[in-house]
Asker: 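Submitted below is the structure of interest, expressed as structure tokens.
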Amino acid sequence: MTFPSSLPEPRTLDPKDAPSLRWGILAPGGIARTFTAALLKHTGQQVVAAASRSKERAERFAADHGITTAYGSYEELVADPDVDIVYVASPHSEHHDHALLAINAGKHVLVEKAFTRNAAEAREVIAAGKDKGVFVQEAMWTRFLPRTDVVRRLLEDGVLGDIGTVVADHGQYMEPDPKSRLFAPELAGGALLDLGVYPVSYSSFVLGTPTAIVSAGRKTFTGVDGQVSAVLQGGNGQALVDTTLFAKTPTTATISGSAARIELAGDFYMPGPVRVISRDGEVLNWDANPIPGHAGLCYQAVDAARRVAEGAKESTLLPLSETLSIMETLDELRRQVGVAYPGE
């Protein structure tokens, strides 16, 4: 294929045009605040209830966002007949139980990444969703961004030629703190599930399920993974991925093929530009993100709303089979580094 004269436009639809669901927010922490603010500002979705184990905390969250109903238990939230779909925003260690709680109450669910602690828990959540006939989705928001669809179209059109290498990193400096969930084994802390899931998921997006995995890493003072670097062999190419709690890295990604490469500036998993460079040095740029920063969390929610309206039980942009495969990859990376969570 000849190098294009311009980059394709994303097929991402206006978030305000999606069918409206009534959302319940389970566990109103920091990511739930960002997610809820994005929904209320950029979509026609309704947030009708919030729940925490602390009624006072739920009431503060509800008041901050103009939500009419606050619950002091998650059981009350999933029993609310006015709630169509539950956003599970609790720590990784609780995703499995909280997703099942909502699913067994007949609610659709959007579960924060990483989907669960491990693949075994993911299988149980996926099976429960199929049994109950509800929509289940991992909240890997990167998959639903306009930026990602530009890349998706370039890959579909074969603009890069044969893909050889994907390189992606995500590192943030986190002050060592045994009280932080990122350092707590009982909360499934560590770099992989919180940060590393992004480059691992991006490798899966481009190359598919890895056929071979080689990794090295080091642990934090609490025994969770603090840094992991890996080679993931997949398709006809391979990915180099890195994640760490010990330093702020560039958090960029590149996809290199025989004809051209894509460069994604940091943070690659957020809304941002796409730069394509041909083998001969021709350069094309795209940067038309209408919703910047973490407000882009709204795209995954409206994709869920559209799928639910269509009667679908999962999203084609991130099928549950791929979510499970990603969890299996994360399991193998942890195994090679020597990290296990309590009770595994």
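Residue numbers run from 1 in the order of the sequence given.
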Asker: For D162, does the CG atom have more than 12 heavy-atom neighbours from other residues, nucleotides or ligands under 6.0 Å away?
Answerer: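 No, the 6.0 Å shell around CG holds no more than 12 heavy atoms from other groups.
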Asker: Please name the pair of heavy atoms, one in A38 and one in C298, separated by the smallest distance, quoted to 0.1 Å.
Answerer: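 Looking at all heavy atoms of both residues, the closest pair is O-CB, 3.9 Å.
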Asker: Does one side chain, of T251 or K248, offer a donor that lies under 3.5 Å from an acceptor on the other?
Answerer: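 K248 and T251 do have a side-chain donor-acceptor pair below 3.5 Å.
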Asker: Would you kindly say whether E186 and Y341 are connected by a side-chain donor-acceptor distance under 3.5 Å?
Answerer: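 Side-chain D/A pair, E186 to Y341: absent.
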Asker: May I ask you to check whether H96 and E94 show a side-chain donor-acceptor distance below 3.5 Å?
Answerer: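 Not at all, the side chains of H96 and E94 share no donor-acceptor pair under 3.5 Å.
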Asker: Could you tell me whether R152 and E156 make a salt bridge, using a distance below 4.0 angstrom between a side-chain N and a carboxylate O?
Answerer: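 No, no charged N to carboxylate O under 4.0 Å.
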Asker: Indicate if L324 and M140 have the same hydrophobic cluster label, given that clusters are the connected sets of ILVMFWY residues with side-chain heavy-atom separations under 4.5 angstrom.
Answerer: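 Yes, because L324 and M140 connect within a single hydrophobic cluster, where side-chain heavy atoms sit under 4.5 Å apart.
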Asker: Which class fits the ring pair F268 and Y202: parallel under 30°, tilted 30 to 60°, perpendicular over 60°?
Answerer: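 Ring orientation, 0 to 90° scale: perpendicular.
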Asker: Look at E322 together with R143 and state whether they make a salt bridge at an N to O cut-off of under 4.0 Å.
Answerer: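 Yes.
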Asker: Just by distance, no angles: are the side chains of S52 and S54 close enough, under 3.5 Å, to form a donor-acceptor pair?
Answerer: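 The answer is no; no qualifying pair exists.
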Asker: Between D303 and R307, does any NZ, NE, NH1 or NH2 come within less than 4.0 Å of an OD or OE carboxylate oxygen?
Answerer: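 Looking at R307 and D303, the cut-off is met.
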Asker: If I compare all heavy atoms of L232 with all of S203, which pair ends up nearest, and what's the gap?
Answerer: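 Nearest heavy atoms, L232 then S203: CD1-OG, 3.7 Å.
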Asker: Would you confirm whether D225, through its side chain, and A191, through its main-chain N or O, come within 3.5 Å as a donor-acceptor pair?
Answerer: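 Flag set: sc D225 to bb A191 pair under 3.5 Å.
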Asker: With S90 as reference, evaluate H95, H98, R181 under the side-chain hydrogen bond (donor to acceptor under 3.5 Å, both in side chains) test and give the passing residue.
Answerer: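 Only match with S90 under side-chain hydrogen bond (donor to acceptor under 3.5 Å, both in side chains): H98.
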Asker: Would a distance-only check, ignoring hydrogens and angles, find a side-chain to backbone donor-acceptor pair under 3.5 Å from S93 to A188?
Answerer: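 No.
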Asker: Quick one about S215 and Q336 (side-chain donor to acceptor, distance below 3.5 Å, no hydrogens or angles considered), yes or no?
Answerer: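 Yes.
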Asker: Determine the sole option in E314, K113, M327, Q300 for which the side chain to side chain contact (heavy atoms under 4.5 Å, CB included) test with E138 is passed.
Answerer: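 Looking at E314, K113, M327, Q300, the match for E138 under the side chain to side chain contact (heavy atoms under 4.5 Å, CB included) is K113.
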Asker: Does the distance from a Lys or Arg side-chain N to an Asp or Glu carboxylate O, for E59 and R57, drop under 4.0 Å?
Answerer: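 The answer is no: the pair does not qualify as a salt bridge.
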Asker: Verify the distance criterion only: is there a donor paired with an acceptor across the side chains of N285 and D287 at less than 3.5 Å?
Answerer: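 No - no donor-acceptor pair under 3.5 Å links their side chains.
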Asker: Going by side-chain heavy atoms closer than 4.5 Å, which hydrophobic residues are tied to I277, directly or by a chain of links?
Answerer: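 V283, listed by chain and number.
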Asker: Got more than 12 heavy atoms from elsewhere within 6.0 Å of CG, D17?
Answerer: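 Above 12, so yes.
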Asker: Do you see a donor-acceptor pair shorter than 3.5 Å between the side chains of E328 and S325?
Answerer: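 E328 vs S325: no donor-acceptor pair found between side chains.
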Asker: Assign the ring pair Y269 / Y198 to parallel, tilted or perpendicular, where the plane angle (0 to 90°) is split at 30° and 60°.
Answerer: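 If you compare the ring of Y269 with that of Y198, the planes turn out parallel.
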Asker: Taking atom NZ of K41 as the centre, report whether more than 12 heavy atoms of other residues, nucleotides or ligands fall under 6.0 Å from it.
Answerer: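 No - once you tally the heavy atoms of other residues, nucleotides and ligands closer than 6.0 Å, there are 12 at most.
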Asker: Strictly distance-based, threshold 3.5 Å: is any side-chain N or O of Q45 a donor or acceptor partner for the main-chain N or O of P19?
Answerer: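 Between the backbone of P19 and the side chain of Q45 there is a qualifying donor-acceptor contact (under 3.5 Å).
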Asker: Is a side-chain donor-acceptor pair under 3.5 Å present for R22 with Q46?
Answerer: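 No, no side-chain donor-acceptor contact under 3.5 Å.
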Asker: Please determine if R33 and D64 form a salt bridge, counting it only when a charged side-chain N lies under 4.0 Å from a carboxylate O.
Answerer: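 Salt bridge flag = yes for D64 with R33.
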